Number of protein chains: 2
Amino acid sequence: MVDEIDRTLISLLQDDATRSYATLGQAVGLSSGAAHERVRKLRERGVIRRTTIEVDQAALGRTVTAYVLVDSDTWMGDSGAALAAIPDIEEAHVIAGQASVLLKVRTSATRELQDVLRRVFEVDGVSGTRSAVVLETFFERTLT
Amino acid sequence: MVDEIDRTLISLLQDDATRSYATLGQAVGLSSGAAHERVRKLRERGVIRRTTIEVDQAALGRTVTAYVLVDSDTWMGDSGAALAAIPDIEEAHVIAGQASVLLKVRTSATRELQDVLRRVFEVDGVSGTRSAVVLETFFERTLT
DNA sequence: ACTGAAAATTTCCGCTC
DNA sequence: GAGCGGAAATTTTCAGT
């Protein structure tokens with residue numbers, strides 16, 4: 001499926017997706033054409049979802065990051081769309097454990113965080129939230 | 001600093017960083033050269049950190065995602081490096097709230113998650129952990 | 001999976017506003 | 001300082017093998 005060469009290519013592209021196929025090929029001992037073909041297939045199969053840029057959110061005004069544990073009194077397995085409709089939520093996961101859902105939220109200020117919490121409370125089944133505001137981010141990295 | 005045109009360019013590149021500068025220029029009413037210059041400066045200033053690929057972690061065998069709340073009995077503000085040395089930790093944040101640090105962990109199985117927890121316990125100051133294993137991810141998206 | 005040539009893109013330049 | 005337009009260098013793409 002995904003062999004050692006594919007993993008190397010993925011790792012190199014994660015680090016810098018602007019690398020040329022010639023460079024990629026050299027790194028794994030293939031021609032640029034062959035490297036390109038490998039990467040094309042990884043995209044086709046969905047292993048590589050997309051090429052994107054990593055943005056400094058703080059530079060765009062999103063200085064507040066918070067995680068929100070959502071408690072519920074009913075099953076929330078169908079609440080994905082309702083949560084996706086709240087723009088400042090970056091991630092939403094159903095979790096096993098004390099709470100039902102975990103959200104990652106990014107806003108420009110704590111005032112906006114409050115707005116997000118108000119809207120979360122309006123989602124069906126939500127009975128409470130516990131927020132943990134990020135004071136410092138040690139790292140957010142891509143696993144190889 | 002970052003005007004409306006920059007924001008549009010960033011948004012377009014977040015969606016697909018393989019867009020040509022000619023296309024980007026058209027979208028914002030600039031020549032390809034001017035669009036290129038804008039993006040170059042955004043990179044230079046660190047607003048755009050890097051160009052990367054988004055990978056389907058499950059396709060690479062990382063099927064388990066978990067969040068770990070780390071309790072501590074001392075200040076953990078200097079523990080970033082110790083945590084970064086544990087390879088399966090994707091994110092680590094210092095948080096305000098019940099716990100001290102929040103980790104996002106991705107492993108190939110719950111067995112490896114256990115290994116990560118064992119190593120987290122070896123970090124100075126850690127007095128306990130509470131893990132929330134992800135059952136379903138509603139979404140992980142890039143905010144615009 | 002490689003080669004080689006055509007097509008497209010990126011990158012750089014002098015010039016203008 | 002920001003943008004334009006074109007030319008040069010590089011990369012991507014697509015035959016055929």
Side-chain angles (χ1 to χ4, degrees), chain A residues 1-63 87 106 108-109 140-144, chain B residues 1-62 108 140-144:
Chain A
M1 301 277 122
V2 179
D3 65 13
E4 207 42 57
I5 290 179
D6 287 333
R7 284 190 180 266
T8 305
L9 292 173
I10 288 170
S11 175
L12 289 168
L13 288 172
Q14 278 184 319
D15 182 58
D16 179 6
T18 68
R19 283 185 159 95
S20 72
Y21 289 115
T23 306
L24 291 172
Q26 271 197 308
V28 298
L30 290 176
S31 69
S32 75
H36 181 265
E37 181 67 6
R38 289 259 189 174
V39 175
R40 195 191 61 71
K41 282 181 182 164
L42 287 169
R43 287 182 201 282
E44 191 180 69
R45 289 155 51 197
V47 178
I48 295 176
R49 289 224 181 87
R50 62 173 174 167
T51 303
T52 186
I53 54 171
E54 217 177 86
V55 175
D56 179 356
Q57 294 294 337
L60 295 184
R62 289 190 190 271
T63 53
R106 283 195 136 106
S108 58
E140 290 177 303
R141 63 189 178 189
T142 57
L143 299 178
T144 58
Chain B
M1 302 279 122
V2 179
D3 66 12
E4 206 43 57
I5 291 179
D6 287 333
R7 284 189 181 267
T8 305
L9 291 172
I10 288 170
S11 176
L12 289 167
L13 287 173
Q14 277 183 319
D15 182 57
D16 178 6
T18 68
R19 284 184 158 97
S20 74
Y21 289 111
T23 306
L24 291 172
Q26 271 198 308
V28 297
L30 290 177
S31 70
S32 74
H36 179 264
E37 181 66 5
R38 290 259 190 173
V39 174
R40 194 190 62 70
K41 282 181 182 165
L42 286 169
R43 286 183 202 282
E44 191 180 67
R45 288 157 51 197
V47 177
I48 295 177
R49 289 226 182 84
R50 61 172 175 170
T51 303
T52 185
I53 55 171
E54 218 178 83
V55 175
D56 179 357
Q57 293 294 339
L60 295 183
R62 289 191 191 270
S108 58
E140 290 175 304
R141 64 188 175 188
T142 57
L143 298 179
T144 58

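Keep in mind that the numbers below use all heavy atoms, side chains included, and drop hydrogens, waters and symmetry copies. The shown structure was predicted, so the numbers you read here are calculated from the model rather than taken from an experiment.
Of the candidates D:dC4, C:dA1, D:dA2, D:dA2 carries the atom nearest the B:R38 side chain, counting heavy atoms from C-beta on.
Salt bridge status for B:E37 with B:R40: present, with a side-chain N to carboxylate O gap under 4.0 Å. In this structure, B:D6 pairs ionically with B:R38, as a charged nitrogen and a carboxylate oxygen lie closer than 4.0 Å.
In this structure, A:E37 atom CD and D:dA15 atom P are separated by 13 Å, rounded to whole Å. Between the P atom of D:dG3 and the CD atom of B:Q26 lies a distance of 17 Å, rounded to the nearest Å.
A:R7 has its side chain within reach of A:V2: a pair of non-hydrogen atoms, C-beta onward, lies under 4.5 Å apart. At a threshold of 4.5 Å between non-hydrogen side-chain atoms, the residues B:T142 and A:R50 count as touching. Proximity of B:L143 to A:L60: side-chain heavy atoms (C-beta onward) are nowhere separated by under 4.5 Å.
OP1 and OP2 of D:dT13 both lie 4.0 Å or more from every side-chain N or O belonging to A:R40. Phosphate proximity of D:dA2 to B:K41: present, with a side-chain N or O under 4.0 Å from OP1 or OP2.
A 6.0 Å sphere centred on CD of A:E140 holds more than 12 heavy atoms belonging to other residues, nucleotides or ligands.
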Polar atom pairs between nucleotides 5-10 of chain C and protein, under 3.5 Å, N or O only, would you list them?
residue: C:dT10; atom: OP2; partner: B:Y21; partner atom: N; Å: 2.9

